[in-house]
S.K.: 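Dumping the structure here so I can ask a few things about it.
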Amino acid sequence: MEILKLKPAFKDYIWGGHRLVDEYGKAFDGEVLAESWELSCHPDGPSVIANGTWAGKTLAEYIQEAGEDVLGTNCRRFSEFPILVKFIDAKDNLSIQVHPDNAYALKNEGQYGKTEMWYVVDASEGAFLYYGFQDEISEEEFRRRIEEDTLTDVLHAAPVKKGDVFFIEAGTIHAIGKNILIAEIQQNSNVTYRVFDYGRVGKDGKKRELHVEQAIRVTRRCPAVPKEDMYPHIADCDYFTVDKLNLDGTVRSKVEGSVTEQSFLSVLILDGEGTIRNGSGSVEFKKGDSLFLPAGSGAYEISGWCDALAITIREKKDMIRVGVDIGGTDVKIGLVDHSNHILADTKISTGKEAPEEIIRKIAESTMELMEKNGVAAENCEGIGMGVPGLVDKKEGTVIYSNNLKWENVALAEEMSRQIPLKVSIANDADCATLGEAYAGAGKGVDNLVMLTLGTGVGGGVILNGELFTGSLKGGIELGHMVIDSQGEECTCGRRGCLEAYTTVTALRRESEKVYGTALDPLEIFTKAKEGDEKAQKLVDAFIEHLGTGVVNLVNMFRPERIVFGGGIAAQGEVLLAPVRERVARENFGGVRSEVPELVTAELGNRAGIVGAANLV
């Protein structure tokens, strides 16, 4: 297979210089050349093949026509070409910015997030770049410093020199400083959130757009910790592996290698000149060239003198886990990595079929999802399943589920029969709690209570970093603590449970008493905000009962944080502010004690998938 030489796409951003034209011979006739996209299938700037049979085709067109095997088996897990390789010439400072991770970007931008690495090709004396924060800061301080234009005061300014490498994970705030030339390898994404741009204006004469709210949601507000596990590579992650190649032309003037069927090889020439050849021919190269060797093209030899970066895609190190969230009407299935990102997911409907038929459908859909995304069974660590109702985690049995009308269903055993993988199960509320603890509003604390307010009251407890379910079958039922022993009858048969007062059903019941017709919670809270006294009394009673339950939870578990999920929790501070005051006033120890953080859940209906995967 032919070695391809690529022509880059060009970007004339206002902070760029002219070195890529003057020193690297880029065929660009504008005054400012900020970036050359050397290896790109991105629609915002595709690279074009310059030689051989495929000359004139974009790299994306070549892959489509030649077949995806030219990318290699390690790329099958990606839905699009995985990386983008650039030269960046920063004559002036770039904006302070951050990139989202895959989960956020796919949900909000329709494309992948961005993890990247920088290799400093050249830098003037005294040059520096921003890389994370000096110290951890709060969201409030982050927002304030953006508004006051003092953000750079708390960023880590890292001095740079030729040959330095920076690995920038999604969520790390960063910016290239002026008078630095960089080679960048990144995920195939063009999503960037600016938070500070030195007051510059664009070509239209207006200040360039900032993306403050998005940045606040995705930024890790702490120092960037360099990855230490990449040796012998200069960069290595799930998205790309980068190695440095040096030939001095005398002592070492030749290097040999082989491009296997696992991955293509991209070679970016930082300096020098020479020849690269394989069984299909040879290509001359010089400083600034970008070369593409298709997967399976076999042995190659590079001769001459050069500094270069060699880029491949490795087999994914982290095993994939499957998370299954079983509901009363549908089942959500996701492939989850060890960073708790949902890589792919699907949803199927469930009817009134027998449990065995539903489990068969779940198994078939799981296998289809794995196959579609190139996840072999040997690369899957196991399957976690969340199911509503009373479960025996140890035996993997659903003892009883009112939602599903299941009784004594050997879920784990039956699922393992369909797919030969380890299967673990738990109550769906426990799974949602695990999801928020690992990847949502509960991250960073070891002691956590989650309370879900929907058609019922569910939730879970994390103690000392572990899901607490007790020793008896069935797990924790937070909604069935009694707050009024003579109160309303609960679905469990007792009277006065928290669930009898703080659910959609309870609000509809109470509103019917007042208005003669049942209102949905949103209607009730909206009327209260508009000054309706009847609605306000309903809201006040709801908060009063919720506050009683939360104080009980604080006194029992002493958590660092309580996370509120479910539809009613969308009211946010309307609920949390008065409950917070109640807890501060009434928890054991009163003002002498500490009050946990009260926050709303972040993952929504994804929490169950992520949490179930963490059962594995």
Side-chain angles (χ1 to χ4, degrees), residues 73-79 82-83 99-107 112-117 167-172 187 189 218 220 222 224-231 233 235-241 262 313-325 332-346 366 369-370 372-386 419 421-426 430-446 448 462 465-467 602-603 606-616:
T73 56
N74 291 348
C75 293
R76 289 177 180 171
R77 66 181 186 266
F78 300 105
S79 60
I83 61 172
H99 306 304
D101 62 16
N102 289 340
Y104 185 90
L106 287 169
K107 178 181 179 181
Y112 284 94
K114 190 194 294 188
T115 286
E116 62 192 20
M117 67 83 67
F167 185 80
I168 303 160
E169 291 186 273
T172 302
Q187 282 183 261
S189 169
V218 304
R220 299 174 180 173
C222 57
V225 179
K227 289 190 71 173
E228 297 178 351
D229 59 349
M230 296 190 287
Y231 179 83
H233 314 289
D236 183 42
C237 66
D238 288 340
Y239 310 110
F240 49 78
T241 297
Q262 291 181 311
I313 309 298
R314 63 159 165 78
E315 185 178 7
K316 189 174 178 64
K317 287 183 177 179
D318 291 335
M319 300 286 278
I320 298 299
R321 302 161 296 168
V322 175
V324 179
D325 184 10
K332 296 181 283 292
I333 306 167
L335 304 180
V336 182
D337 68 15
H338 277 265
S339 295
N340 289 307
H341 298 142
I342 298 177
L343 305 177
D345 64 294
T346 189
T366 299
L369 185 66
M370 291 168 62
K372 181 180 178 181
N373 290 276
V375 178
E378 60 267 24
N379 291 329
C380 182
E381 200 168 344
I383 302 172
M385 307 182 75
I419 305 177
L421 292 171
K422 176 184 176 182
V423 178
S424 301
I425 75 169
D430 284 341
C431 289
T433 302
L434 277 177
E436 289 292 339
Y438 280 107
K443 285 180 68 174
V445 299
D446 291 329
L448 166 77
I462 304 290
E466 300 289 337
L467 180 67
E602 295 178 359
L603 298 185
R606 294 178 295 134
I609 292 177
V610 174
N614 278 279
L615 297 173
V616 177

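Model, not experiment: these values are computed from the prediction.
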S.K.: Could you check V218 against D101 for side chain to side chain contact (heavy atoms under 4.5 Å, CB included), going step by step and ending with a plain yes or no?
M.R.: CA-CA 8 Å; V218 304; D101 62 16; 6.0 Å; no
S.K.: For the side chain of D337 and the backbone of S339, is there at least one donor-acceptor N/O pair under 3.5 Å apart?
M.R.: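 Such a contact is found between D337 side chain and S339 backbone.
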S.K.: Looking only at heavy atoms, what is the nearest atom pair of G608 and C431, with distance?
M.R.: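 Looking at all heavy atoms of both residues, the shortest contact is O-CB, 3.9 Å.
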S.K.: Looking only at heavy atoms, which two atoms of S189 and G113 are closest? And how far apart?
M.R.: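 Result for this residue pair: CB-O, 3.2 Å.
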S.K.: Is there a side-chain contact between D345 and K332, using heavy atoms and a 4.5 Å cut-off?
M.R.: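 Result no, sub-4.5 Å side-chain heavy-atom pair not found.
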S.K.: Salt bridge check, E169 against R220: does any charged N sit closer than 4.0 Å to a carboxylate O?
M.R.: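 Salt bridge present between R220 and E169.
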S.K.: State whether D238 and R314 are salt-bridged, where the test is any N-O pair (Lys NZ or Arg NE/NH1/NH2 against Asp/Glu carboxylate O) under 4.0 Å.
M.R.: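 A salt bridge links D238 with R314.
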S.K.: Let me confirm one number: the CG-CG distance from N373 to L343, rounded to the nearest 0.5 Å.
M.R.: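 Rounded to the nearest 0.5 Å, the CG-CG separation comes to 7.5 Å.
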S.K.: In the structure I gave you, are the side-chain heavy atoms of F167 and D236 within less than 4.5 Å of one another anywhere?
M.R.: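 No, their side chains stay 4.5 Å or more apart.
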S.K.: Could you check whether any side-chain heavy atom of L615 comes within less than 4.5 Å of a side-chain heavy atom of I425, counting everything from C-beta outward?
M.R.: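 Heavy-atom side-chain distance check fails, nothing below 4.5 Å.
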S.K.: Spell out, as yes or no, whether a donor-acceptor pair under 3.5 Å connects the side chain of Q262 to the backbone of N74.
M.R.: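 It does not hold such a pair.
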S.K.: Which atom pair, heavy atoms only, marks the closest approach of G386 to A612?
M.R.: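 Looks like N-CB, 4.0 Å.
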S.K.: For the atom pair CE (M230) and CE (M117), what is the distance rounded to the nearest 0.5 Å?
M.R.: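 Between atom CE of M230 and atom CE of M117 there are 7.5 Å.
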S.K.: Whether the side chain of E602 engages the backbone of E436 through a donor-acceptor N/O pair (distance < 3.5 Å, no angle test) should be reported.
M.R.: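 Such a contact is absent between E602 side chain and E436 backbone.
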S.K.: Between atom CD1 of I462 and atom CG of D446, what is the distance when rounded to the nearest 0.5 Å?
M.R.: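 One finds 10.0 Å between CD1 of I462 and CG of D446.
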S.K.: Would you give the length of the straight line joining atom CG of N614 to atom CG of D430, rounded to the nearest 0.5 angstrom?
M.R.: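 If we round to the nearest 0.5 Å, N614:CG and D430:CG are 13.0 Å apart.
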S.K.: Roughly how far apart are I83 CD1 and Q187 CD, rounded to 0.5 Å?
M.R.: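 It is 10.5 Å, given to the nearest 0.5 Å.
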S.K.: Take C380 and M370 through the test side chain to side chain contact (heavy atoms under 4.5 Å, CB included) and record every step on the way to the result.
M.R.: CA-CA 9 Å; C380 182; M370 291 168 62; 3.9 Å; yes
S.K.: As an exercise, state the distance from OG1 of T241 to CD1 of I313, rounded to the nearest 0.5 Å.
M.R.: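 Between T241 OG1 and I313 CD1, I get 7.0 Å after rounding to 0.5 Å.
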S.K.: Among L335, V336, V610, which residue satisfies the side-chain contact (heavy atoms from CB on, under 4.5 Å) criterion with R321?
M.R.: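 Looking at L335, V336, V610, the match for R321 under the side-chain contact (heavy atoms from CB on, under 4.5 Å) is V336.
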S.K.: Is there a donor-acceptor pair closer than 3.5 Å between any side-chain N or O of E116 and the backbone N or O of I168?
M.R.: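 Pair absent, no side-chain N/O of E116 close to backbone of I168.
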S.K.: Looking at every non-hydrogen atom in both residues, tell me the closest pair between P100 and A170 and how far apart they are.
M.R.: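 Nearest heavy atoms, P100 then A170: O-CB, 3.4 Å.
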S.K.: List the atom of A224, the atom of T172, and the distance in Å for their closest heavy-atom pair.
M.R.: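 The pair with the smallest heavy-atom distance is CB-CG2, 3.9 Å.
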S.K.: After noting the C-alpha distance and the side-chain angles of R606 and N340, does the key distance pass the side-chain hydrogen bond (donor to acceptor under 3.5 Å, both in side chains) rule?
M.R.: CA-CA 11 Å; R606 294 178 295 134; N340 289 307; over 6 Å; no
